[in-house]
Amino acid sequence: MEFLLEQLANFKFYLIGAYPRGAAGGLFLNISIAVLCLTISFFIGAIFGFGRLSCRKFVSYPCIIYIETIRATPALLLVFWFFFFIPSVLGKNVSLFWSAVIALSIYSTAYQAEIVRAGILAIPKGQMEAALSSGMSRFQALTLVIIPQAFRIMIPSFVSFFISLFKETSVTYVIGIVELLQIGIIVTQRQPNRMFAAYICMAIGFFVVCYSMSHLARVLEKRLGIHDLSSYRPTVCRADLLLKPCEAKNLPTQNPT
Amino acid sequence: MIEFINVNKWFGPIHVLKNINLHISQGEVIVICGPSGGGKSTLIRTINRIEPIQEGEIIVDGFSLTNPKTDAAALRAEIGMVFQHFNLYPHKTALQNIMLAPMKVRGLSKKQAKERATRLLERVGLADKCDNYPVQLSGGEQQRVAIARSLAMQPRIMLFDEPTSALDPELINDVLDVMTSLTKEGITMVIITHEMGFAQRVADRVVFIDKGEILEIEKPSDIFVNPKHDRTAEFMSKILHIPLVPNNKKERINKAE
Ligand SMILES: Nc1ncnc2c1ncn2[C@@H]1O[C@H](COP(=O)(O)OP(=O)(O)OP(=O)(O)O)[C@@H](O)[C@H]1O
Ligand SMILES: [Mg+2]
C-alpha cells in the first residue's frame, strides 16, 4: 500500500514525463496524440466516408479498399510500419511523435469514415427528397439538412471511438515514445519491486480519461435528445439518393412504398 | 402544364410505368387512385424528376425533364411536393422548416422569409405552433406545416403523395380543408388519395392506375358511378363499400336481357 502512495506522490512523472527538464511525456502525450489524430482523421475520414457513398465506382472502390484494408490491420503494425517506412521513402527522419501521429491518423481515418457513412445513412431518404423537391441543390441539401442531423447521430460514436483511440495510443511505446505505458515500464525497470504499484498507476491514468469521456458521451446524448431524432419514421435508406441517383442500381425491393 | 408522352420506367426488372400518356393543363386538379403497388407514387415522383424515367418524355411548364440541359433544381423550386410521412426537418422548428428554402433557393432575406412563413402558418391554422419542433406537433399539424413549407416557394404545381393516409381519421379533415382552399387558387395540383369524397368535390379528373398502366381518366362523377373497366369497378366498390358494375358488363347484361 505504501508503495502505491509513493507512486502516487510521483504522479507528475506519469502525467507529463520528465518535462520540464526533459521532453514531455506520460498521459499528456497519450492525450495529445489522440486529440491530434482524431482531428486530422475527422476531416480525411469524412472525405472517405462520403467517397464510399458515391455511386461512381472509381470514387467508391478506392475508398472501400482503403477502409477495409486499414480496418483489417492492427494499429501496432501501422505504427511500426510508418516508423520504418517514412525515413526510407522521404530519405529523412521524422520525429517519433509525428511518425506515430501519422500512423494512428491513418488508422483512425478508416473508422471515422465508417462513422460518417453510418451517420449519413441513418437519415431517412425522405429528408433528402424533401430538400431536393423544394429546389435545393444536392450540396445545399447535404449541408443544410442531412449533415446537421447526421452529425448529431455521429457524436456518441465519435466519443466512443476517441476512447478506443486513446487506449490505442499506448502501442506507440514500441517505437520508443515516452507515453504513459512507457513511463510505467521505465519505473518498473528502475524499481522492479514497485512493479505492481506502477501498473496500478497506469491503469488509473487510463481509467480517469476514458471514464470521463464516456460520461461526457452520456451527457451529450441526453443534451442532443431534445430533437429526438429517433422519433421520425425509419425508412430504408438508399445510398444512391445521397449522391447522384444511379438508375442502373435500382434493385427491386420487397415492400412497395 | 404537365405532359407525359409514352413514358416507361423500370426498377431493375420490374416495369413500373407502362406507356403513360397524360396531359394536365394549367390549374387542373387531378386525383390519382389505384391499388397499392400500382405505380402512383412513382408516377408523381417522375414529375419533379426525383425518379428518373428510362423511356419517353415528360414536359413540365415547357421544359423537357429528359433533356440533360434542364436545370432540375430550378424546376423543382416551382413544384411543391407533400409526402405521406411529412418529411419535415426534425432539427428545425416549424417556422425554420418553412423559411429554409425561400432563403436558400429564392434568396429572400431572413425578415422576408419569416414574414412569409408566419403568414402561411396562420393560413394553415398553426400560428401558435411556430416555435415547435416537428416532434412536438401532431401528425395533422406536421402535414399542414409541410404544406405551408411547399407553399412558401410559391409553386405553380403542387404534388401530394397520400397526404392523409398516415393520419388519424379525426385529423384528416384539417389537412383536406387546407388542400381544398388551395384548389381555388389556380395552382395545378396532382393528388394521390383514397379520400373519395374529397376527390369527388375537388377533382377535375380522376386517373385510375393499376399495374403501371393508366386504365381510365374520367370526370369524378363518371368514374365513381360508371367505371368502364372491371378493375376500376372492383377497386371503387372496395373503397366506396358499394357494389359497382363496369360499363361493358352492363351492356352485356342489357344485351342478354
Ligand atoms: N425504389 C424502388 N426500388 C425498386 N422498386 C420500387 C421502388 N419504389 C417502388 N418500387 C416498386 O414499384 C412498384 C410501384 O410502386 P409505387 O410506390 O409507385 O406504388 P404505389 O401505387 O404508390 O403504391 P402505394 O399505394 O402502396 O403507395 C411497386 O411494385 C414497388 O415494389
Ligand atoms: Mg405510394
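Sequence lines set the chain letters: A, B, ... in the order given, protein chains first and strands last, and positions in each chain run from 1.
- Note that the OG atom of Ser134(A) and the CG atom of Asn48(B) stand 10.5 Å from one another [nearest 0.5 Å].
- By the neighbour-count criterion of 12 heavy atoms within 6.0 Å, atom CZ of Phe206(A) is densely surrounded, having more than that number from other residues, nucleotides or ligands.
- Residues Tyr89(B) and Ala131(A) approach most closely at OH-CA, 3.3 Å, considering heavy atoms.
- Between the CG atom in Asn87(B) and the CE atom in Met128(A) there is a gap of 12.5 Å [rounded to 0.5 Å].
- More than 12 heavy atoms of other residues, nucleotides or ligands shown are found within 6.0 angstrom of OH on Tyr66(A).
- Atom NZ of Lys114(B) has 12 or fewer neighbouring heavy atoms from other residues, nucleotides or ligands inside a 6.0 Å radius.
- Taking all atoms of both residues into account, the shortest heavy-atom contact from Ser133(A) to Phe83(B) is OG-CZ, 3.7 Å.
- We find the CG-NE2 distance between Leu144(A) and His91(B) to be 7.5 Å, quoted to the nearest 0.5 Å.
- In terms of heavy-atom proximity, Gln127(A) sits nearest to Leu88(B) at NE2-O, 2.8 Å.
- More than 12 non-hydrogen atoms from other residues, nucleotides or ligands lie less than 6.0 angstrom from NZ of Lys40(B).
- Remark: side-chain polar atoms of Glu129(A) are not paired, donor with acceptor, to backbone N or O of Ile50(B) under 3.5 angstrom.
- Heavy atoms closer than 4.5 Å to chain A are found nowhere in Arg106(B), neither backbone nor side chain.
- Residues Gln149(A) and Pro90(B) have side chains in contact (heavy-atom distance under 4.5 Å, counting atoms from C-beta outward).
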